[in-house]
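What follows is a short report on a single structure.
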2 protein chains.
Amino acid sequence: MPLRQVPPVKRGKIPAATVARLPIYYRALTQLFERGEARVSSEELAEITGVTSAKLRKDLSYLGTYGTRGVGYEVEYLRFQIAREMGLNNEWPVVIVGLGNLGRALARYGGFGSRGFQIVGLFDHDQKLVGTKVKTGKSEIEILPANDLAKATKQLKAKLGVIAVPAEVAQKVCDDLVNAGVTSILNFAPIHLVTPKGVDVRRVDLASELQILAFHEQKKIEEKTA
Amino acid sequence: MPLRQVPPVKRGKIPAATVARLPIYYRALTQLFERGEARVSSEELAEITGVTSAKLRKDLSYLGTYGTRGVGYEVEYLRFQIAREMGLNNEWPVVIVGLGNLGRALARYGGFGSRGFQIVGLFDHDQKLVGTKVKTGKSEIEILPANDLAKATKQLKAKLGVIAVPAEVAQKVCDDLVNAGVTSILNFAPIHLVTPKGVDVRRVDLASELQILAFHEQKKIEEKTA
DNA sequence: GGGGATTTGTGCTTTTCTTCACAAATCTCT
DNA sequence: AGAGATTTGTGAAGAAAAGCACAAATCCCC
């Protein structure tokens with residue numbers, strides 16, 4: 001009986017569009033795994049995640065060849081490989097700046113504290129909030145003053161930061177985070193952040209999302225009238 | 001002196017990538033307008049919004065020719081045109097389903113209630129929440145039981161729905177919304193929703209965003225070690 | 001009213017992403 | 001052990017998006 005070959009890890013840049021989908025596959029695989037499924041075909045996994053099977057297979061092919069022709073993919077194995085590729089086997093410390101409605105929701109949000117991430121610092125400018133505690137996934141964390149941001153973040157060795165402050169102060173907070181060694185930022189402020197090279201920023205803009213939907217609604221109405 | 005020509009509205013499909021950027025331009029223009037700026041060049045607007053000027057001009061060109069060569073764009077005029085194109089001059093009624101941490105933050109979030117949108121209905125399955133009120137932008141709204149979702153939403157004539165419930169019940173909620181006449185859905189549950197044709201779904205996946213950043217961090221580390 | 005300085009709008013090129021379609025690999029059954 | 005049924009992995013084609021570069025339009029100033 002032939003031994004399983006050495007993991008055929010592929011080296012080479014993974015397209016951005018693919019990277020953006022890996023978390024979706026990962027989550028679906030986790031679900032399948034918890035349900036006790038041992039194997040899954042590209043067709044099934046594609047159906048669950050809402051992509052085409054060809055796209056899914058191509059996406060996975062950038063990571064390596066983890067499937068078996070005529071059979072499909074081993075759920076647990078594939079899940080592990082994606083996790084490894086995405087660095088989810090590490091535990092990433094995350095700081096959140098701004099604990100208004102949204103920031104607080106994020107801090108409490110289970111999905112954030114889940115697998116791979118741990119919220120280690122909360123900062124706010126508002127003196128009324130400083131000193132109060134917020135329940136994150138596992139523990140309670142005290143909100144620290146925004147002034148301590150740079151020092152504390154450096155100490156906590158956080159490389160990931162979440163910005164949930166008003167647009168007016170977002171760039172300032174961003175600069176502070178970068179100075180503190182943060183190199184990946186999730187920005188909820190509706191503004192373009194300027195960062196030095198090597199710092200990744202992803203923007204999540206809730207109002208924009210609604211507006212995009214409004215655009216589609218608008219088009220539906222125009223079609224009817226036309 | 002020549003009269004300004006009839007608005008040269010262009011007809012034809014606007015690329016999805018462009019649509020996704022229109023809200024960003026719109027916001028920047030609003031800012032400029034409030035700051036009292038009368039004109040802006042593609043170069044300036046591009047800088048503010050973090051795109052290249054060529055891309056910006058091409059994006060705008062899908063809407064019509066609203067600029068003046070050698071001069072730039074009139075801030076107020078262009079802003080209005082984008083708003084019109086996106087349907088932001090209407091007031092869209094929105095319902096939110098699920099008022100946990102996130103749903104509540106969204107309900108309170110100013111940006112949602114802002115220009116173009118009005119939150120008209122809140123629903124939750126939890127009996128402890130039903131009957132309590134949540135301050136949205138302008139008014140206070142009572143949380144209604146999820147069972148009333150279909151009927152109430154139909155009555156409220158909401159075409160836009162926000163899903164902020166756990167993944168397990170998201171598809172059920174989605175079906176209810178669609179039955180109630182909702183044709184655009186903003187989905188915060190980490191799951192692919194199946195909808196009939198003609199219903200638009202946009203997914204905002206907070207955990208995915210962090211995971212994508214983790215991927216980039218991972219790569220930075222690998223580069224260093226390599 | 002003409003020349004020089006701007007800045008838009010867009011045809012063309014390049015890059016990135018998606019889809020197609022099929023050979024290669026594996027399994028099952030007899 | 002071979003034939004038939006699956007299902008992956010991937011070249012190649014097609015579609016969408018981004019970037020380039022320049023003609024066309026406008027302004028300003030003399």
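Nothing here was measured: the structure is a model prediction, and the numbers come from that model. Residue numbering restarts at 1 for every chain, and letters A, B, ... go by the order of the sequence lines.
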Spacing of [X] atom [atom1] relative to [N] atom [atom2], expressed in whole Å:
X       : N      : atom1 : atom2 : result
B:Tyr62 : C:dG11 : OH    : C1'   : 12 Å
A:Leu45 : D:dT6  : CG    : P     : 20 Å
B:Arg69 : D:dC22 : CZ    : C1'   : 11 Å
A:Leu78 : D:dG9  : CG    : C1'   : 14 Å
A:Glu74 : C:dC27 : CD    : P     : 11 Å

- Query: Taking for each residue the nucleotide of DNA chain D with the nearest heavy atom, is it A:Leu60 or A:Gly70 whose nucleotide lies nearer the 5' end?
  - Reply: A:Gly70
Between [Y] and [X], is the closest basic N to carboxylate O distance under 4.0 Å?
X        : Y        : answer
A:Asp176 : A:Lys172 : yes
B:Lys220 : B:Glu223 : no
A:Glu209 : B:Arg203 : no

- Query: Backbone N or O of A:Thr65 within a donor-acceptor pair of the A:Gln81 side chain at under 3.5 Å?
  - Reply: no
- Are the side chain of B:Glu37 and the backbone N or O of B:Gln31 linked by a donor-acceptor pair below 3.5 Å? no
- Item | Residue pair B:Ile14 / B:Glu85, side-chain heavy-atom distance below 4.5 Å |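 B:Ile14 vs B:Glu85: side chains touch.
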- Taking only N and O in the side chain of A:Tyr73, is any of them less than 4.0 Å away from OP1 or OP2 of C:dT26? no
- Task: Flag yes if more than 12 heavy atoms outside B:Glu76 fall under 6.0 Å of its CD atom; otherwise flag no.
- Result: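 Counting other residues, nucleotides and ligands, CD of B:Glu76 stays at 12 neighbours or fewer.
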Distance-only donor-acceptor pairs under 3.5 Å for side chains of residues 96-103 of chain B, two or more places apart:
| from | atom 1 | to | atom 2 | distance (Å) |
| --- | --- | --- | --- | --- |
| B:Asn101 | OD1 | A:Arg108 | NH1 | 3.2 |

- Message: Using a strict heavy-atom distance below 4.0 Å, which residues from residues 34-44 of chain A are in contact with DNA chain D?
- Response: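 Those residues are A:Ser41, A:Ser42.
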- Item | Sequence-aligned protein contact record of nucleotides 11-21 of chain D, with B where the base is within under 4.0 Å of a protein heavy atom and S where only the sugar-phosphate is | BB----SSBBB
